[in-house]
Participant: 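Sharing a structure here in structure tokens format.
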Amino acid sequence: MALLHSTGILLGKELRTELRSRELITTTLVFILLVVVLFSFTFDPTSSESRRFGPGLLWVAFLFAASLMLQPCFLREQMNDTLSALRMSSPDPFAIFLAKLTANTMFLLLTELLMLPIFSVLYNVPILKVFPALLLVLFAGSAGICVTGTAVAAISAQARMRELLLPLLLLPLLTPVLIASTEATAALLAEEPALRLDWVGFLAAFDIVFLTALWLFGEYLLEE
Amino acid sequence: MKKALAAFLVVGLLGIAAYASLFVAPTERTMGDIQRIFYLHMPSAVVAFCAFLVTFVANLLYVFRRQERWDWLGVSAAEVGLAFISVVLITGPIWAHPVWGIWWTWDARLTSTFVLWLLYVSYLLLRTLVEDPHRRALLSAVYGIFAFLDVPLVHMSIRWWRTQHPQPVLMGGPGTGLAPEMKRVLLINFIALVSLMIFLVRERYELEALRAQVDVLRREGEAA
């Protein structure tokens with residue numbers, strides 16, 4: 001209960017910081033848009049081709065965007081020397097991670113939702129009918145990205161070359177998420193849409209494994 | 001003296017293993033002499049995985065006990081494991097080209113081995129980018145734990161994904177029904193490579209301990 005309470009307060013702080021500037025969401029959105037547009041030059045974006053390449057393209061774009069978007073979440077605290085204050089504010093260091101990863105998941109999900117209609121129009125892939133199922137896949141995948149990503153951001157913020165290091169550490173860890181989300185999305189965007197619960201279940205398992213790992217080992221990443 | 005003896009023993013074992021693989025083992029009926037690479041390839045994969053298991057245990061022990069030696073063991077085993085997995089990734093294509101007709105295929109086992117290689121490259125890269133030895137030990141230990149937890153997930157996701165899209169290349173391989181002489185040669189290779197692994201990890205461990213000592217002395221010198 002105490003954990004949820006302090007997580008709530010810290011989450012409020014994260015959301016307020018972002019809502020004041022809105023720079024994270026805007027830049028991420030533009031970045032994804034760029035990737036999606038640039039990808040259209042690499043293959044013939046007809047409807048059938050887009051069905052084949054679209055899901056992979058989308059998730060690679062989300063993955064790269066996330067690896068940029070996750071940078072500031074601990075870096076900002078370090079630059080402003082607020083990490084110790086943050087640590088003292090909560091009895092459980094897991095609350096800090098929980099708040100940050102919830103905020104990151106919300107931001108990533110929001111940019112994805114803003115991106116989907118644009119993708120659908122540009123690549124001529126209808127998404128309206130499968131939207132609820134798609135939302136489930138997006139959530140499970142983004143949660144996986146942000147759980148591991150928040151932990152890795154806490155690691156990379158303490159190293160040299162951190163901007164480059166975060167994607168290097170994060171992307172190999174996320175191979176299973178990329179595969180599962182792409183497969184689940186591809187099944188939804190196919191001519192005959194199907195919700196692949198096995199892949200969604202796999203994503204949920206990934207999320208749980210790393211959330212547990214973060215709960216067990218996260219506090220060591222915040223030590224002085 | 002002891003070290004020289006150990007080195008002599010390891011070299012001797014490797015010599016016997018090489019002789020057995022090249023001259024004692026019977027020639028495989030369909031693949032011919034190229035199959036002999038299997039005696040190096042397969043045990044290397046198992047040995048690499050054992051080394052990564054050692055890294056994982058050392059990482060856990062470091063996080064909970066905070067003794068430097070577990071950090072040294074972790075990095076030593078990871079480096080040796082990476083060397084062995086590189087042997088696997090190099091000997092694989094050498095065998096595959098004449099047998100399958102291609103150097104590489106994105107088959108489940110090949111792909112997951114490659115991702116494993118990438119994960120541990122990232123682990124070692126992280127270590128080079130953190131100055132403070134305690135911080136480096138702690139951060140890399142937590143990342144190492146995350147990486148190891150990721151391995152079964154990577155393997156599972158890639159297997160599901162690839163079994164659903166069967167590859168045109170045959171995945172026969174000499175795994176099943178090995179001739180008794182072949183089994184014996186394989187066992188000799190196993191023993192030789194495991195002893196090589198232990199020897200290398202020990203050497204690397206001592207080197208890391210010396211490095212840490214030098215580091216302490218240098219710091220003291222700078223402070224004085």
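Letters A, B, ... mirror the listed sequences (proteins, then strands); counts begin at 1. Side-chain atoms are counted along with the backbone in the values below, which use heavy atoms only and exclude waters and symmetry mates.
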Participant: Which atoms of A:A205 come close to chain B, meaning under 4.5 Å heavy atom to heavy atom: side chain ones, backbone ones, both, or neither?
Facilitator: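 When you check distances to chain B, no heavy atom of A:A205 falls under 4.5 Å.
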
Participant: So, the side chain of A:T42 versus the backbone of A:L38: is there a donor-acceptor pair under 3.5 Å, distance only?
Facilitator: no

Participant: Can you tell which part of B:T128 gets under 4.5 Å to a heavy atom of chain A, answering side chain, backbone, both or neither?
Facilitator: backbone

Participant: Quick one, A:Q71 with A:R162, criterion side chain to side chain donor-acceptor pair (under 3.5 Å). Give me CA distance, side-chain angles, the key distance, then yes/no.
Facilitator: CA-CA 8 Å; A:Q71 299 272 9; A:R162 41 200 147 202; over 6 Å; no

Participant: Which answer fits B:L116, side chain, backbone, both or neither, if we ask what part of it has an atom under 4.5 Å from a heavy atom of chain A?
Facilitator: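 The answer is neither part of B:L116.
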
Participant: Indicate yes or no for a side-chain donor-acceptor contact from A:S142 to the backbone of A:F139 under 3.5 Å, with no hydrogens or angles considered.
Facilitator: no

Participant: Indicate the ring-plane relationship of A:F97 and A:F74, choosing parallel, tilted or perpendicular according to the 30° and 60° boundaries.
Facilitator: tilted

Participant: Given heavy-atom pairs under 4.5 angstrom as the criterion, report whether the side chain, backbone, both or neither of A:A213 touches chain B.
Facilitator: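 Both parts, heavy atoms under 4.5 Å.
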
Participant: Which bit of B:F148 is near chain A, if near means a heavy-atom gap under 4.5 Å: side chain, backbone, both or neither?
Facilitator: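 For B:F148, no heavy atom lies under 4.5 Å from chain A.
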
Participant: Contact part of B:R127 toward chain A, heavy-atom cut-off under 4.5 Å: side chain, backbone, both or neither?
Facilitator: neither

Participant: Find the one option among A:L173, A:L168, A:L171, A:T175 whose heavy-atom pairs under 4.5 Å with chain B are most numerous.
Facilitator: A:L173

Participant: Of B:N189, B:I188, B:L196, B:L40, which is the lone residue that meets side-chain contact (heavy atoms from CB on, under 4.5 Å) with B:L14?
Facilitator: B:L196

Participant: Answer yes or no: is there a donor N or O on one side and an acceptor on the other, between the side chain of A:Q158 and the main chain of A:A154, under 3.5 Å?
Facilitator: yes

Participant: Report which part of B:L153 has an atom under 4.5 Å of a heavy atom belonging to chain A: side chain, backbone, both, or neither.
Facilitator: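 For B:L153, heavy atoms of backbone and side chain both lie under 4.5 Å from chain A.
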
Participant: Less than 4.5 Å to any heavy atom of chain B: does that hold for the side chain of A:I155, its backbone, both, or neither?
Facilitator: both

Participant: Given a strict heavy-atom distance threshold of 4.5 Å, which part of A:L165 is in contact with chain B: side chain, backbone, both, or neither?
Facilitator: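 The side chain, not the backbone.
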
Participant: Any idea which of B:V151, B:L139, B:L126, B:L118 has the most non-hydrogen atom pairs under 4.5 angstrom with chain A?
Facilitator: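 Heavy-atom pairs under 4.5 Å are most numerous for B:L139.
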
Participant: Using a 4.5 angstrom heavy-atom cutoff, name the option from A:G218, A:P172, A:P176 with the most pairs to chain B.
Facilitator: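 Option with the greatest count: A:P176.
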
Participant: Pair B:W100, B:T105 - check side chain to side chain donor-acceptor pair (under 3.5 Å), show working.
Facilitator: CA-CA 9 Å; B:W100 287 346; B:T105 163; over 6 Å; no

Participant: Do the ring planes of B:Y205 and B:W72 sit parallel (below 30°), tilted (30 to 60°) or perpendicular (above 60°)?
Facilitator: perpendicular

